[in-house]
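Report on one structure; see the data block that follows.
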Amino acid sequence: MTYSGVVTVGGRADVHELPELMISKAAVGPMNNNTYLLRCRATGQQLLIDAANDAATLLTLIGDDGIVSVVTTHQHGDHWQALAATVAATGARTYAGRADAPGIPVPTDVLVDDLDTISFGDITLTARHLVGHTPGSIALIYDDPHGHAHVFTGDCLFPGGIGNTHRDPKAFASLLHDVETRIFGELSDETWVYPGHGNDTTLGDERPHLPEWRTRGW
């Protein structure tokens with residue numbers, strides 16, 4: 001079936017099948033958080049992005065093969081409610097942005113800085129540090145050797161705008177700058193965007209609206 005990226009809490013995961021990577025997207029919890037299970041097709045190793053809520057659902061999604069790693073995109077509580085239970089059940093290694101790790105009440109095994117890489121099986125993700133929604137938010141980029149890039153943006157980029165900066169002009173300027181330079185400035189319009197909540201988008205769909213976002217200030 002064609003991947004749409006449209007998921008609902010309590011509904012089935014949607015699976016995006018790439019030549020070397022399978023991406024399963026599910027929605028969990030009262031804030032409709034997205035969680036992403038990435039599976040290396042060559043080795044079967046798996047990585048989870050944001051153990052947001054509902055550990056039972058996440059562990060069912062993960063299945064018997066387990067996960068080697070779980071990455072938390074940022075420190076906000078709705079993105080790690082199931083982290084402790086998921087790690088306890090799987091023994092997964094934990095990753096988070098260096099500046100946000102102290103705000104996550106589960107020990108972070110690996111502190112992530114800008115341009116660090118996270119590997120599992122034959123797959124490598126590159127982290128980009130985006131400051132503004134939180135001090136240590138990270139996006140994760142998979143550069144598909146058979147096509148365009150795929151980026152998991154947490155709460156830093158959504159269809160229609162960047163993440164919430166709570167009307168703080170400095171935080172807004174910082175996040176917009178980082179998203180423009182480190183995401184839009186380096187990736188093509190075909191890049192698929194997987195946000196922390198809601199539907200997916202592409203950089204090509206969002207790029208024309210960057211001036212509008214700057215003018216409105218949020």
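Between His166 and His76, the ring-plane angle classifies as perpendicular under the 30° and 60° cut-offs. Aromatic ring pairs are classed by plane angle as parallel below 30°, tilted from 30° to 60° and perpendicular above 60°; the pair His16 and Tyr3 is parallel.
Of the possible polar contacts, one joining the Tyr36 side chain to the Pro195 backbone as a donor-acceptor pair under 3.5 Å is found. Between the Glu206 side chain and the Gly160 main chain, a donor and an acceptor come within less than 3.5 Å of each other. No donor-acceptor distance shorter than 3.5 angstrom exists from the side chain of Asn164 to the backbone of His133, with no hydrogens or angles considered. At least one donor-acceptor pair under 3.5 Å links the side chain of Arg207 to the backbone N or O of Phe184. The backbone N or O of Val131 sits less than 3.5 Å from a side-chain atom of Ser174, completing a donor-acceptor pair. The backbone N or O of Leu37 sits nowhere less than 3.5 Å from a side-chain atom of Gln46 that would complete a donor-acceptor pair.
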(request) Take Asp155 and Thr73 through the side-chain contact (heavy atoms from CB on, under 4.5 Å) test and state the conclusion after the steps. (result) CA-CA 8 Å; Asp155 284 1; Thr73 58; 5.9 Å; no
(request) Would you please test Asp143 and Thr126 for side-chain contact (heavy atoms from CB on, under 4.5 Å) and show each step? (result) CA-CA 8 Å; Asp143 190 4; Thr126 300; over 6 Å; no
(message) Set out, in order, the CA-CA distance, both residues' side-chain angles and the distance that settles side-chain contact (heavy atoms from CB on, under 4.5 Å) for Leu115 and Arg128, then state yes or no.
(response) CA-CA 6 Å; Leu115 292 176; Arg128 297 314 313 252; 3.6 Å; yes
(message) Is there a side-chain contact (heavy atoms from CB on, under 4.5 Å) between Asp200 and Val193? Walk through the geometry before answering.
(response) CA-CA 6 Å; Asp200 300 354; Val193 177; 6.0 Å; no
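By the criterion of side-chain heavy atoms lying less than 4.5 angstrom apart, applied directly or through intervening Ile, Leu, Val, Met, Phe, Trp or Tyr residues, Ile118 is grouped together with Tyr142 in one hydrophobic cluster. Ile67 is connected to Leu58 through a chain of hydrophobic side-chain contacts under 4.5 Å among Ile, Leu, Val, Met, Phe, Trp and Tyr, so both are in one cluster. Cluster membership check: Leu140 shares its hydrophobic cluster with Leu38, using side-chain heavy-atom separations under 4.5 Å among Ile, Leu, Val, Met, Phe, Trp and Tyr. Val68 and Leu83 fall into different hydrophobic clusters, where Ile, Leu, Val, Met, Phe, Trp and Tyr side chains are chained together by heavy-atom contacts under 4.5 Å. Neither Leu47 nor Ile104 shares a network with the other; the hydrophobic side chains, linked directly or stepwise wherever heavy atoms of I, L, V, M, F, W or Y lie under 4.5 Å apart, form separate groups for each.
Annotation: side chain of Leu210 is in contact with side chain of Leu176 (closest heavy-atom distance under 4.5 Å). A heavy-atom distance below 4.5 Å is not found between the side chains of Thr202 and His148. In this structure, Thr90 and Leu59 have side chains that are in contact, with non-hydrogen atoms separated by less than 4.5 Å. Contact check for Arg93 versus Phe120: no side-chain heavy atoms found under the 4.5 Å cut-off. Pro135 places a side-chain heavy atom less than 4.5 Å from the side chain of Asp100. Residues Val70 and Val87 form a side-chain contact, since some pair of their non-hydrogen atoms from C-beta on lies under 4.5 Å apart. Proximity of His129 to Arg98: side-chain heavy atoms (C-beta onward) are nowhere separated by under 4.5 Å. Side-chain atoms of Asp205 and Pro159, non-hydrogen and from C-beta on, never get closer than 4.5 Å to each other.
Taken to the nearest 0.5 Å, the CG atom of Leu18 stands 9.5 Å off from the NE2 atom of His146. Here the CG-CH2 distance, from Leu203 to Trp192, works out to 11.5 Å after rounding to the nearest 0.5 Å. The OG atom of Ser137 sits 7.5 Å away from the CG atom of Leu175 when rounded to the nearest 0.5 Å. Considering CD1 of Ile183 and OG1 of Thr153, their distance stands at 8.0 Å, rounded to 0.5 Å. For the atom pair OG1 (Thr117) and CD1 (Ile123), the distance works out to 13.0 Å, reported to the nearest 0.5 Å. With rounding to the nearest 0.5 angstrom, the CH2 atom of Trp80 is 13.0 Å from the OG1 atom of Thr86.
A side-chain N or O of His79 and one of Asp50 form a donor-acceptor pair less than 3.5 Å apart. A donor-acceptor pair shorter than 3.5 Å cannot be found between the side chains of Tyr95 and Asp116. Looking at Thr108 and Thr94, their side chains never bring a donor and an acceptor atom within 3.5 Å of each other. Defined by atom type and a distance below 3.5 Å, a donor-acceptor pair is missing between the side-chain atoms of Gln75 and Thr134.
In terms of heavy-atom proximity, Ala149 sits nearest to Ile141 at CB-CG2, 4.3 Å. Of all the heavy atoms in Met22 and Val15, the pair that sits closest is CE-CG1, 3.7 Å. Between Cys40 and Leu21, the shortest heavy-atom contact is N-CD1, 4.3 Å. Looking at every heavy atom in both residues, Asn33 comes nearest to Ala52 through CB-CB, 3.5 Å. Of all non-hydrogen atoms in Ala13 and Leu61, the two that sit nearest each other are CB-CD1, 3.8 Å. The shortest heavy-atom contact between Gly132 and Thr165 is O-CG2, 3.8 Å.
Atom CZ of Arg167 has 12 or fewer neighbouring heavy atoms from other residues, nucleotides or ligands inside a 6.0 Å radius. The 12-atom threshold is not exceeded at NE2 of His177, counting heavy atoms of other residues, nucleotides or ligands nearer than 6.0 Å.
Checked for salt-bridge contact, Asp14 and Lys25 miss the test: no charged N lies under 4.0 Å from a carboxylate O.
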